[in-house]
Number of protein chains: 2
Amino acid sequence: MSCEQGFFKSLHGKGLRLTPQRKEILSALHELDQLATAEEIFQYTQRKSPHLDISTVYRTLELLKKFQIVTCLQGNDGQYRYELVHTHAPHVHLVCRLCGRVLEAAIDSLEPFVSCMQGQYGFQVDVNSLSVGGLCRECCARMR
Amino acid sequence: MSCEQGFFKSLHGKGLRLTPQRKEILSALHELDQLATAEEIFQYTQRKSPHLDISTVYRTLELLKKFQIVTCLQGNDGQYRYELVHTHAPHVHLVCRLCGRVLEAAIDSLEPFVSCMQGQYGFQVDVNSLSVGGLCRECCARMR
DNA sequence: TTCTCTGCAAAGACTTTGCAGTAGG
DNA sequence: CCTACTGCAAAGTCTTTGCAGAGAA
């Protein structure tokens with residue numbers, strides 16, 4: 001698991017440690033392989049490590065975020081959701097404001113925007129953690 | 001205040017009422033004239049209406065959101081922030097992930113993306129409530 | 001008069017923190 | 001062996017809800 005190696009290096013560089021709990025959480029993120037809340041990740045770890053605490057999940061996610069191994073976004077409901085950065089192709093999330101469903105979308109068409117923000121405002125967009133609200137096809141249809 | 005009239009009509013159409021508290025909150029949004037948290041809006045109302053309760057602020061913002069009079073986004077810190085939809089030109093918010101500062105940016109360059117999401121996924125992007133994470137010019141510079 | 005709205009207080013949902021014992025490097 | 005990490009419990013933060021009295025239409 002190359003991700004774990006990278007994580008270990010990042011940790012080691014700062015005098016931090018690779019514990020079984022951290023491995024377990026990283027592994028849960030891999031296996032879930034989609035946006036997941038801290039609670040969902042926690043539930044997942046419980047099968048194998050029933051003593052792992054949810055506060056450890058939060059602390060580890062915080063760490064993974066710092067090292068840019070996971071990104072995090074907030075859904076409809078205000079909860080944070082996490083996913084590994086490099087397992088899928090880069091994408092943005094489309095979050096429906098009615099049904100809350102989340103789609104992944106390609107980022108090619110975003111290029112002009114990203115360049116423009118860089119050029120005009122010196123702002124470097126985190127494409128990986130972009131979350132876009134709106135109406136999904138189904139909810140659009142339902143509204144007429 | 002045309003906004004208030006629109007609000008009144010929306011309310012009246014559903015058998016709801018325009019109360020002094022709701023006026024006060026709408027007025028606070030106008031005068032703050034920028035993204036503000038429920039708490040900030042609440043604080044602002046306290047000068048003139050010290051008995052207005054924060055739960056009323058939350059309930060009113062919910063209502064204003066339903067009528068699309070305000071939009072709401074979540075900043076760096078997980079708090080919701082609100083602003084009136086039609087007082088500024090349409091814009092997106094650039095939220096710096098380090099310093100938390102929020103810039104307003106023009107939306108022209110976003111057009112290809114919006115069309116593409118519509119075409120490919122049938123997803124109708126809420127441009128007005130788009131919040132984009134990244135690094136601002138200053139924080140970018142500070143990182144080297 | 002009617003029924004929505006408000007203030008108050010309390011509960012709720014999610015996340016963070018303090019601490020003392022545990023264990024990675 | 002040192003000090004970061006964990007589980008536990010408790011506290012925090014922001015937001016929502018229940019209720020009885022107040023007040024807009």
Side-chain angles (χ1 to χ4, degrees), chain A residues 4-5 7-28 35-67 70 72-82 100, chain B residues 4-5 7-28 35-46 48-67 70-82 100:
Chain A
E4 193 175 300
Q5 307 228 337
F7 187 31
F8 179 70
K9 277 186 197 160
S10 300
L11 287 170
H12 198 257
K14 302 210 169 190
L16 305 178
R17 294 164 188 176
L18 185 58
T19 62
Q21 290 89 338
R22 289 177 176 174
K23 283 187 194 174
E24 191 62 42
I25 290 164
L26 200 51
S27 155
L35 285 175
T37 61
E39 182 65 31
E40 285 160 353
I41 295 163
F42 169 67
Q43 289 303 337
Y44 197 91
T45 62
Q46 293 304 287
R47 302 169 315 143
K48 291 194 142 190
S49 311
H51 290 295
L52 199 157
D53 192 75
I54 191 153
S55 67
T56 301
V57 173
Y58 279 108
R59 287 188 274 225
T60 301
L61 287 170
E62 197 50 42
L63 203 61
L64 290 166
K65 216 164 59 177
K66 254 188 212 144
F67 292 141
V70 303
C72 146
L73 67 85
Q74 290 181 304
N76 239 2
D77 56 1
Q79 266 181 87
Y80 291 106
R81 283 161 212 277
Y82 301 84
Chain B
E4 193 175 300
Q5 307 228 338
F7 187 30
F8 179 71
K9 275 186 196 161
S10 300
L11 288 169
H12 198 256
K14 302 209 170 190
L16 306 177
R17 293 167 189 172
L18 184 58
T19 62
Q21 290 89 338
R22 288 176 177 174
K23 283 187 194 175
E24 191 62 40
I25 290 164
L26 199 52
S27 156
L35 286 174
T37 61
E39 182 65 31
E40 285 161 353
I41 296 163
F42 169 66
Q43 289 302 337
Y44 197 90
T45 62
Q46 293 304 287
K48 291 194 143 189
S49 310
H51 290 294
L52 198 157
D53 192 76
I54 192 154
S55 67
T56 302
V57 174
Y58 278 109
R59 286 187 275 226
T60 301
L61 288 170
E62 198 51 41
L63 204 60
L64 289 166
K65 216 163 60 176
K66 253 188 214 144
F67 292 141
V70 303
T71 60
C72 146
L73 66 85
Q74 290 180 304
N76 240 4
D77 56 0
Q79 267 182 82
Y80 291 105
R81 284 160 211 278
Y82 301 84

Phosphate OP1/OP2 of D:dG7: any A:Thr56 side-chain N/O under 4.0 Å: yes
Contact nearer the 5' end of DNA chain D, comparing B:Thr19 with B:Thr37: B:Thr37
Sugar-phosphate only, base, or nothing, as touched by B:Ile54 at under 4.0 Å among non-hydrogen atoms: nothing
Sugar-phosphate only, base, or nothing, as touched by A:Gly15 at under 4.0 Å among non-hydrogen atoms: sugar-phosphate
Listed nucleotide nearest any side-chain atom of A:His12, set C:dG25, C:dC14, C:dG7: C:dG25
Protein-nucleotide distance (A:Tyr80, atom OH; C:dA13, atom P), rounded to Å: 18 Å
B:His51 side-chain proximity, nearest of C:dC8, D:dC5, C:dT15: C:dC8
Interatomic distance where CZ belongs to A:Phe42 and P belongs to C:dT16 [whole Å]: 16 Å
A:Gln21 side chain near C:dA23 phosphate (N/O to OP1/OP2, under 4.0 Å): no
Row check, B:Tyr80 ring normal vs B:Lys65 NZ/CZ: under 6.0 Å, within 45°: yes
Presence of donor-acceptor pair under 3.5 Å, side chain of A:Arg17 and base of D:dA4: yes
Sugar-phosphate, base or nothing in reach of A:Ser55, heavy atoms under 4.0 Å: base
Heavy-atom donor-acceptor pair, B:Arg59 side-chain to C:dC5 base, under 3.5 Å: no
Touch class at under 4.0 angstrom, heavy-atom based, for A:Phe8 against every strand present: sugar-phosphate
Short side-chain N/O contact to D:dC14 OP1/OP2 from B:Gln74, under 4.0 Å: no
A:Leu11 or B:Asp77, whichever maps to the more 5' nucleotide of DNA chain D: A:Leu11
